[in-house]
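Working notes, beginning with the structure itself.
Order of appearance sets the numbers: ligands from 1, and atoms from 1 within every ligand.
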Amino acid sequence: MAISDLQERLTDLDAFQRATGDWGIPANYIPELASIDTEQFAITVATADGQIFSAGDADTRFSVQSITKIFTLAIALGRVGDQLWNRVGREPSGRAFNSIVQLEQEREQGRPRNPFINAGAIVTTDEILSGRAPRDALAEIVQFVRTAAEDDDIHINNIVAASEIEHGHRNFALAHFLASCNNLKNPPEMTLGTYFHHCAIEMTTQQLAMAGRFLMDANCGPRLLSTARIRRLNALMLTCGHYDGSGDFAYRVGIPGKSGVGGGILAIVPGQASIAVWSPGLNRYGNSQQGTEALARLASQMNWSIF
Ligand code: GLN
């Protein structure tokens, strides 16, 4: 299938996914996200030649949640380079995104498996935060996303952040455990406040697909990272981007992707496309149910695979 057929493909895909009626279950541990209407679906593809194609609710803003971990990782690597890996690993965890069990094991000793599980992302945020106020760290994160998307109309939803602060006992447990292992430089409450707020950034699939273009490493949009770093980020997305669903995602979809509990997924076809998909109901791994299915179908139809 050629790029010229993409609009028709996406329109068909939107109709197909809606007809399945298989919407999944929204994240229920963040009350502000739990009440969302699950029967929503959107997809946008930004191609390396500068075109953009969408179908479904592509103008609806959703909570991007863990997808922001890609951007915070890019910023942290920019600040401290490979030193970040002293504090966080690069191995798949084979566990849920908010798992605490591995952190205490002898091999880990408070060094999270990878930067995409919550514990690892909290450490990454902590690194960005060191030496400055949360407000300034958040301003840098939001600015990075806006620059990547070439769109200033991207904001944090403070109500979602507050909802997570109030109910985020798991993340507080993770942060305090990290602190007990001397792997937090800032007070846990301060690091978590920053983490919850960047997770609460909202975007449409149009904005997210645009923001993901730099990860294609093609000559389109702003150049924010070196080719070497882009490849490494994509490698981590492939191996760790869907938590303990990462192997299944790689097997079925065949391209790097990063999910969030808001139901979004950003997936990258290196050199060719940046794809944002959203549907708020999740599968048993905590990744978008319809989003995962739609990406598997689209990648197969377009013959998109890194393998
Ligand atoms: N803010 C969410 C949390 O920390 C992000 C998790 C996710 O999107 N998988 O639980």
For this session: Check Val261 against ligand 1 and report side chain, backbone, both or neither, counting heavy atoms closer than 4.0 Å.
Result: both
Exercise. What class does the angle between the rings of Phe249 and His242 fall in, given that below 30° is parallel, 30 to 60° is tilted and above 60° is perpendicular?
Worked result: parallel
For this session: Measure the distance from atom 10 (O) of ligand 1 to every protein heavy atom, then report the residue, atom name and distance (to 0.1 Å) of the closest one.
Result: Tyr29 OH, 2.5 Å
Exercise. Atom 7 (C) of ligand 1: which protein heavy atom is closest, and how many Å away?
Worked result: Ser66 OG, 2.4 Å
Exercise. Starting from atom 4 (O) of ligand 1, which protein heavy atom do you reach first, and at what distance in Å?
Worked result: Tyr195 OH, 2.6 Å
Exercise. If you count the non-hydrogen atoms of other residues, nucleotides and ligands that lie under 6.0 Å from CD in Glu189, is the total more than 12?
Worked result: yes
Exercise. Going by an N to O cut-off under 4.0 Å, is there a salt bridge joining Asp126 and Arg87?
Worked result: yes
Exercise. With a cut-off of 6.0 Å (strictly less than), are more than 12 heavy atoms of other residues, nucleotides or ligands near CZ of Arg18?
Worked result: yes
Problem set entry | Nearest protein heavy atom with distance in Å, relative to atom 3 (C) of ligand 1 | Glu164 OE2, 3.0 Å
For this session: Could you tell me whether Asp153 and Arg61 have a side-chain N and a carboxylate O separated by less than 4.0 Å?
Result: yes
Exercise. What atoms of ligand 1 come closer than 4.0 angstrom to any heavy atom of Phe97?
Worked result: 6 (C), 9 (N), 10 (O)
Exercise. Taking only residues at least two apart or on different chains, which pairs with a member in residues 252-262 satisfy salt bridge (Lys or Arg N to Asp or Glu O under 4.0 Å)?
Worked result: Arg252-Glu293
For this session: Would you please determine whether Phe196 falls within less than 4.0 Å of ligand 1 on a heavy-atom basis?
Result: no
Exercise. Quick one: does ligand 1 sit under 4.0 Å from the side chain of Asn171, the backbone, both or neither, non-hydrogen atoms only?
Worked result: side chain
For this session: Give the numbers and elements of all ligand 1 atoms closer than 4.0 Å to a heavy atom of Asn118.
Result: 3 (C), 4 (O), 6 (C), 10 (O)
Problem set entry | Pair Glu150 + Arg213, salt bridge at N-O below 4.0 Å | yes
For this session: May I ask you to check if ligand 1 and Tyr243 share an N or O to N or O distance below 3.5 Å?
Result: yes
Problem set entry | Cys199 neighbourhood, listing ligand 1 atoms whose heavy-atom distance to it stays under 4.0 Å | 1 (N)
Exercise. At what distance is the nearest protein heavy atom to atom 1 (N) of ligand 1, and which residue and atom is it?
Worked result: Gln65 OE1, 2.6 Å
For this session: Quick one: do Tyr243 and Tyr285 satisfy ring pair (Phe, Tyr, Trp, His ring centres under 6.0 Å)? Show the steps, please.
Result: CA-CA 7 Å; Tyr243 316 111; Tyr285 301 117; 9.7 Å; no
Exercise. Apart from Leu129 itself, which Ile, Leu, Val, Met, Phe, Trp or Tyr residues share its cluster (side-chain heavy atoms under 4.5 Å, direct or through members)?
Worked result: Met190
For this session: Check ligand 1 against Gly260 and write out every atom of the ligand that is under 4.0 Å from a heavy-atom position of the residue.
Result: 8 (O)
